[in-house]
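Only one structure is covered here, and it is reproduced in the block below.
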Amino acid sequence: MPPFDRSIAAPMPESVKRPGGFSRIPGTQGRDSYNEPMQLLAGLNDEQLAAVTLPAQHALIIAGAGSGKTRVLTTRIAWLIASGQAAATQIMAVTFTNKAAREMLARLGVMTSLNVKNLWVGTFHGLAHRLLRAHWRDAGLPQGFQIMDAADQLAAIKRLLKALGADDEKFPPKELAWFINAQKEAGLRPEGVEAHDDYTRRRVELYAAYEAQCMREGVVDFAELMLRSYELLARNEPLRLHYQRRFRHILVDEFQDTNRLQYQWLKRFVGEENALFCVGDDDQSIYAFRGAEVANMHDFVREFEVANLIRLERNYRSHGNILAAANAVIANNPARLGKNLWTEAPMGEPIRVYAAHDDAEEARFVVEEIQALTRQGMPAAEIAVLYRSNAQSRALEHALFSADLPYRVYGGLRFFERAEIKHALAYLRLVANPHDDTAFLRVVNFPARGIGARTIEQLSDVARAAGTSLYAAIEKLPNAAKFAGFCDLIQRLRAIAHLPLPELVEQTLEASGLRAHYRAEREGQERLANLDELVNAAAGFVAEQSLNRASNDSPTVLLDFLAHASLEAGEHQADEGRDAVQLMTVHAAKGLEFDVVFVCGLEEGLFPHEQSLLERGGLEEERRLMYVAVTRAKRLLYLSHAQTRQLHGQTRYAVASRFLEEIPIDLLKPLTMRSRRREYASSWALPARSAGHRFHIGQSVRHSAFGEGVIIALEGGGRDARAQINFGAAGIKWLALSVAKLEVP
DNA sequence: TATCGAACATTTTTT
DNA sequence: ATGTTCGATA
């Protein structure tokens with residue numbers, strides 16, 4: 001048992017509650033007599049409390065949107081430790097995204113005084129990686145194995161097809177990658193795949209060849225991390241028993257998003273004496289298209305005879321109307337596990353529906369509403385504009401940009417995915433492992449050093465014949481001299497690999513000529529800045545590592561950094577801190593919440609997307625997507641659609657989405673261009689202030705520069721009061737009454 | 001070897 | 001409409 005830690009009893013500071021949106025949780029009446037570890041439990045509702053304090057048995061928590069899912073998960077971990085039921089080392093918590101893992105660790109760090117890095121909290125892939133690093137020999141991997149991201153994998157497959165002389169018309173690399181990943185996620189090695197036709201047989205051969213290539217190069221893709229660690233545990237009984245005994249409690253977040261392999265992987269950890277605690281929401285399963293199996297929730301209950309099934313149905317996030325709309329929409333889905341969210345929050349504002357003529361007008365509408373809201377003091381960062389597909393962001397961005405509203409688009413290229421960063425990392429990967437052909441090919445001639453396609457082809461032939469990596473094949477090449485400079489560079493870098501990581505990175509950037517290359521490029525400024533940022537990232541990484549580990553310049557630092565870069569591509573984006581309107585797809589919004597949410601493009605064919613209607617269960621998944629979108633909003637929800645929309649350069653006509661019709665009409669408030677103007681004033685219930693000015697709508701005024709005008713809208717009060725005035729030929733303007741010198745004729 | 005233009009595709013996406 | 005990829009050309 002761990003020594004009891006008194007600091008655990010510290011009440012959770014307000015700053016921790018707020019991001020989760022739990023600020024409206026009622027007080028802790030009647031629980032004064034609780035002793036210290038139990039203070040962790042203060043403020044939980046009955047169901048949350050029941051879930052958090054469940055005995056060490058398998059459990060499924062069906063946690064509706066905004067019901068305090070993450071809080072339950074983290075509080076349970078803290079509770080298990082604080083109450084002495086488990087040591088920190090006996091707990092494993094699995095999430096899907098790095099962000100979720102980080103958030104869990106951050107909250108735990110505040111709730112407990114544990115050194116949070118000792119906990120096995122991480123993503124499926126992160127934990128799988130950890131296992132493989134620890135047991136690389138048993139897993140049959142080289143010690144310095146590297147992780148390929150999706151782009152690397154695709155490149156590897158293209159290379160494979162070329163090497164085998166396979167027809168890449170017949171086997172499109174993307175499709176082959178999808179096939180291979182799908183097999184791995186079904187737990188199948190090439191030998192296990194059933195092929196009933198020539199085409200599939202050939203694809204299985206290519207799968208086998210791909211595996212051989214990966215092993216030769218010492219690289220693993222994302223699916224391989226899962227499959228190989230799964231096999232490691234499945235085949236190695238002592239190891240499996242070790243982990244089964246070690247992790248008494250296994251907690252899983254977003255369980256509805258697990259694929260088959262991930263569920264099987266989890267099951268390997270479950271033995272006689274441990275408990276699997278899964279939290280999920282079948283109504284928020286929006287990743288079936290990439291293999292997520294909601295059926296895992298049913299299977300889990302059945303296979304483990306789960307007796308503890310708790311529903312968290314109280315929503316702490318949204319106003320009543322918003323929740324009612326969400327419930328009404330999702331009720332149209334058959335075969336749910338069943339759940340009805342409720343709230344004690346006020347009904348709030350009705351849901352505003354806007355029918356635009358076209359996408360440009362829809363965007364203008366959104367922008368004008370946002371301007372009105374921000375003028376009333378709504379922080380821009382609390383406003384999200386959601387859409388079904390990325391293509392829709394263009395019109396919105398255009399309107400926001402024209403209006404000079406700061407905005408941030410999620411889902412762009414991530415830091416470690418930028419070309420210049422991948423180049424730099426490729427050099428570092430060669431330092432760690434010169435036989436990494438993907439890395440080799442990426443930079444052998446970048447910056448250019450006179451090694452052309454022809455030379456590479458010769459080298460490939462030699463390497464294939466000898467069964468070695470490209471790097472190893474160089475010396476066998478007749479014109480090996482061509483590579484002298486490159487080999488020399490790699491040798492020199494390998495010789496200084498023992499230097500502190502930031503220094504090694506710095507040296508790599510200089511010696512490789514990457515810096516010089518981008519300095520010479522006209523538009524290379526940003527790329528140079530990114531390369532500098534990579535040095536910073538390395539320094540930051542080392543600093544963080546040295547906090548957690550004793551050895552800070554062990555030879556694994558480089559390997560760890562490279563794994564970090566692959567596993568956590570980094571959300572690094574410009575202007576992160578700035579107060580900006582948030583633009584993202586509905587998928588990207590899962591798990592987030594905002595005061596105000598706009599859902600755009602609610603049209604048949606777009607949302608629900610026409611492609612989805614062709615797939616089995618597609619409409620249901622679209623509806624869950626709608627449910628996710630709606631439940632992101634705390635106080636104000638806007639739904640908009642357009643009659644026509646520019647798509648692929650053509651005008652498309654569409655009718656309003658069926659999802660709009662699934663919302664009871666009395667929850668909705670249709671807006672029109674004319675009615676809109678005055679609506680938002682009452683919108684999110686700022687205390688009404690007296691206007692404090694002498695103007696009224698319809699009043700005629702005179703402006704020294706713009707001439708005669710008529711007031712068409714007024715808003716705000718006191719010094720913030722503004723009027724929208726139509727000056728005829730001079731246009732329609734918003735003017736601050738405290739600034740503009742208006743005469744009343 | 002770099003650059004230009006044609007062909008192409010364009011739901012959602014983390015690791 | 002627009003970004004990406006691939007092949008032909010200087």
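Letters A, B, ... mirror the listed sequences (proteins, then strands); counts begin at 1. Below, all heavy atoms of this structure are taken into account, side chains as well, without hydrogens, waters or symmetry copies.
- Residue A:Arg394 places its side chain closer to C:dG3 than to any other of C:dG3, B:dT14, B:dT11.
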Applying side-chain contact (heavy atoms from CB on, under 4.5 Å), run through A:Phe416 and A:Ser566 and close with a yes or a no.
CA-CA 8 Å; A:Phe416 287 111; A:Ser566 303; over 6 Å; no

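- Distance CG (A:Asp257) to P (B:dT12): 17 Å, rounded to an integer number of Å.
- Residue ring and base: A:His609 counts as stacked with B:dT11 (centre distance below 5.5 Å, interplanar angle below 30°).
- Between the side chains of A:Glu603 and A:Ser657, no donor N or O sits under 3.5 Å from an acceptor N or O.
- Stacking is found between A:His648 and the pyrimidine-like six-membered ring of the B:dT10 base under the 5.5 Å centre-distance and 30° plane-angle cut-offs.
- A:Phe289 has its CZ atom 8 Å from the P atom of B:dT12, to the nearest Å.
- The interatomic distance linking A:Leu396 (CG) with C:dA1 (P) rounds to 18 Å, in whole Å.
- Under the 4.5 Å side-chain criterion, counting only non-hydrogen atoms from C-beta, A:Asn259 is not in contact with A:Lys184.
- The distance from atom OH of A:Tyr410 to atom P of B:dT12 is 18 Å, rounded to the nearest whole Å.
- Computed from coordinates, the A:Leu154 CG to C:dT5 C1' distance equals 12 Å when rounded to whole Å.
- A:Asn98 comes within 4.0 angstrom of the backbone, heavy atoms only, and of no base.
- With rounding to whole Å, A:Ile451 atom CD1 is found 12 Å from B:dA2 atom P.
- Counting all heavy atoms, side chain and backbone alike, A:Ala223 lies closest to A:Leu261 at O-CD2, 4.1 Å.
- The nearest whole Å value for the distance from the CD atom in A:Gln611 to the C1' atom in B:dT10 is 10 Å.
- Remark: A:Thr585 is in phosphate contact with B:dT13, judged by side-chain N or O atoms under 4.0 Å from OP1 or OP2.
- When heavy atoms are screened at a 4.0 angstrom cut-off, A:Phe124 is found touching no nucleic acid atom at all.
- Nucleotides C:dC6 and B:dT11 place their C1' atoms 25 Å apart, quoted to the nearest Å.
- Relative orientation of the A:Tyr287 and A:Phe289 rings is tilted, given thresholds of 30° and 60° on the angle between their planes.
- Annotation: of the two residues near DNA chain B, A:Arg449 and A:Ala588, the 5′-most nearest-nucleotide partner is A:Arg449.
- Each of A:His587 and A:Phe96 was assigned the nucleotide of DNA chain B with the nearest heavy atom; the assignment lying further toward the 5' end belongs to A:His587.
- Using a 4.0 Å heavy-atom criterion, one finds that A:Leu386 contacts no nucleic acid atom at all.
- A:Asn445 comes within contact range of the sugar-phosphate backbone alone, with a heavy-atom separation under 4.0 Å but no base atom that close.
- The gap from the C1' atom of C:dG3 to that of B:dT14 amounts to 23 Å, rounded to the nearest Å.
- Distance A:Leu647 CG to C:dT2 P: 13 Å, rounded to the nearest Å.
- Using a cut-off of 4.0 Å between Lys/Arg side-chain N and Asp/Glu carboxylate O, A:Asp257 and A:Arg290 are scored as not salt-bridged.
- Listed pair A:Asn390 / B:dT11 fails the phosphate criterion, with no side-chain N or O lying under 4.0 Å from OP1 or OP2.
- Across all strands, A:Glu417 comes closer than 4.0 Å to no nucleic acid atom at all (heavy-atom distances).
- For A:Arg290, counting side-chain heavy atoms from C-beta on, the closest listed nucleotide (B:dT13, C:dG3, B:dT15) is B:dT13.
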